[in-house]
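Report on one structure; see the data block that follows.
In this text the structure is predicted, and so the values were computed from the model without any measurement. For reference, positions follow the sequence shown, starting with 1.
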Amino acid sequence: MTSTLERSTDSTPVSPPPRERIGPLRTVRHGLTLAGRSVLKIRKSPEGLLDVTLQPILFLVMFVYLFGGAIAQDTGAYLQQTLPGVMAMNMIFGSLGTGMQLNTDINKGVFDRFRSLPIARSAPLIGAVFGDIVRYVVSVAVLLGVATLMGFRIETGPLQALAAFLVALAFALSMCWITVFLGMLIRSQQALPGVAMAFMFPLTMGSNVFVPTETMPGWLQAWVQINPVTQLADTARGLMLGGPVAGPLTATVIWMVALTAVFFPLAMWAYRRRV
């Protein structure tokens, strides 16, 4: 009887040891390590850059040569005003790739391997977001190269143009947390692009990227004026062409902080539910 009781006591499941607490610095280091994985995937499959290189060129050529004459009566002047906005818009569209890649990795079981590693819980998500920096750099380089051939010229200086790119990059990284959240929440990879576009199109097309705000109906102007894409486009225009910067830059920074503060916790919540 005693031996039976002993066996039953010994067979009681033992709870696993608590997971080691990982500090912020190690979390960032783990995220950067996994970002290298994303960069390696780009090197092996460069065709994955087509969405952030070909699409903005099509938008730019189509709007400048089809609608530039009607909107601004001068395609050259329209190109100058539109290019900074297209750059900002392209960064936002490029963030969709982050959510889609994470969704694919989860469905293929890649994250099951990550769970067995002694890394921070959020490292795979941070790594995916940081890894997309390479995609953004290539995208802007190609877009500016084509725009220069079309006649675009920076009217301020290289430092201001670099600042415009860095602001757009920071904003794109904050937008990535929206697509990460959607990628964790939506199980079907086929449904993800449609849901993300339904969210992004009111932001990108409902802005002053392609047409001046004052030409829109009053009710639409109210939205365009507070739209984060409008603020980002105005910041890029001010830095690349000259004009007010402080106001739109402040609004852009506020939007970046708000988006990260809201969607990073939501992305982590959806990630924990999914894995």
Taking every heavy atom of P202 against every heavy atom of A198, the minimum-distance pair comes out as CD-O, 3.2 Å
Would M205 and W219 show up in the same hydrophobic cluster when neighbours are defined by side-chain heavy atoms closer than 4.5 Å?
yes
Ring pair (Phe, Tyr, Trp, His ring centres under 6.0 Å) pairs touching residues 153-207, sequence neighbours excluded, are F93-F201, W177-F264
- Message: Check the orientation of F63 and F67. Use parallel for under 30°, tilted for 30 to 60°, and perpendicular for over 60°.
- Response: tilted
Separation between OG1 (T148) and CG (L143), nearest 0.5 Å, reads 9.0 Å
_Student check: side-chain heavy atoms of M150 and L83 closer than 4.5 Å_ = no
Just by modelled atom types, is the G206 backbone N or O under 3.5 Å from a matching donor or acceptor in the N227 side chain?
yes
Closest non-hydrogen contact found for Q231 with A251 is OE1-CB, 3.6 Å
Output for pair (M87 CE, L60 CG), nearest 0.5 Å, gives 12.0 Å
Members sharing L54's hydrophobic cluster, built from side-chain contacts under 4.5 Å between Ile, Leu, Val, Met, Phe, Trp and Tyr, are L58
On a heavy-atom basis, the closest approach of V224 and N208 is CG1-N, 3.8 Å
Here the pair of heavy atoms bringing M256 nearest to A170 is SD-C, 3.5 Å
Given F59 and T82, is the side-chain contact (heavy atoms from CB on, under 4.5 Å) satisfied, shown in steps?
CA-CA 10 Å; F59 267 116; T82 302; over 6 Å; no
Closest non-hydrogen contact found for G151 with Q80 is O-OE1, 3.9 Å
I'd like to check Y136 versus L173 (side-chain heavy atoms, cut-off strictly below 4.5 Å). Are they in contact?
yes
Rounding to 0.5 Å, atoms CD (Q160) and CG (L241) come to a distance of 11.5 Å
- prompt: Between I254 and M91, is there a shared hydrophobic cluster once you connect ILVMFWY residues whose side-chain heavy atoms come closer than 4.5 Å?
  reply: no
For R237 and V245, what are the C-alpha separation, side-chain angles and deciding distance, and is it a side-chain contact (heavy atoms from CB on, under 4.5 Å)?
CA-CA 8 Å; R237 289 188 182 107; V245 174; over 6 Å; no
Exercise. Evaluate side-chain contact (heavy atoms from CB on, under 4.5 Å) for W223 paired with I226, printing each intermediate quantity in order.
Key: CA-CA 6 Å; W223 159 246; I226 63 170; 4.1 Å; yes
| request: Take D234 and T252 through the test side-chain contact (heavy atoms from CB on, under 4.5 Å) and record every step on the way to the result. | output: CA-CA 9 Å; D234 285 343; T252 301; over 6 Å; no
Rounded to the nearest 0.5 Å, the CG atom of L266 sits from the CG atom of L185 at a distance of 9.0 Å
The side-chain contact (heavy atoms from CB on, under 4.5 Å) partner of P248 among T230, L232, L239, T235 is T235
Shortest non-hydrogen pair, A267 vs M184, comes out as O-CG, 4.1 Å
Here the gap from M200 atom CE to L182 atom CG, rounded to the nearest 0.5 Å, amounts to 7.5 Å
Taken to the nearest 0.5 Å, the spacing of F152 CZ from L79 CG works out to 7.0 Å
Open item on the list: Applying a strict under-4.5 Å side-chain criterion to I, L, V, M, F, W and Y, I'd like to know whether Y78 and L149 cluster together.
Closed with: no
Ring of W269, cation from R272 - is the NZ or CZ under 6.0 Å from the centre and inside 45° of the axis? no
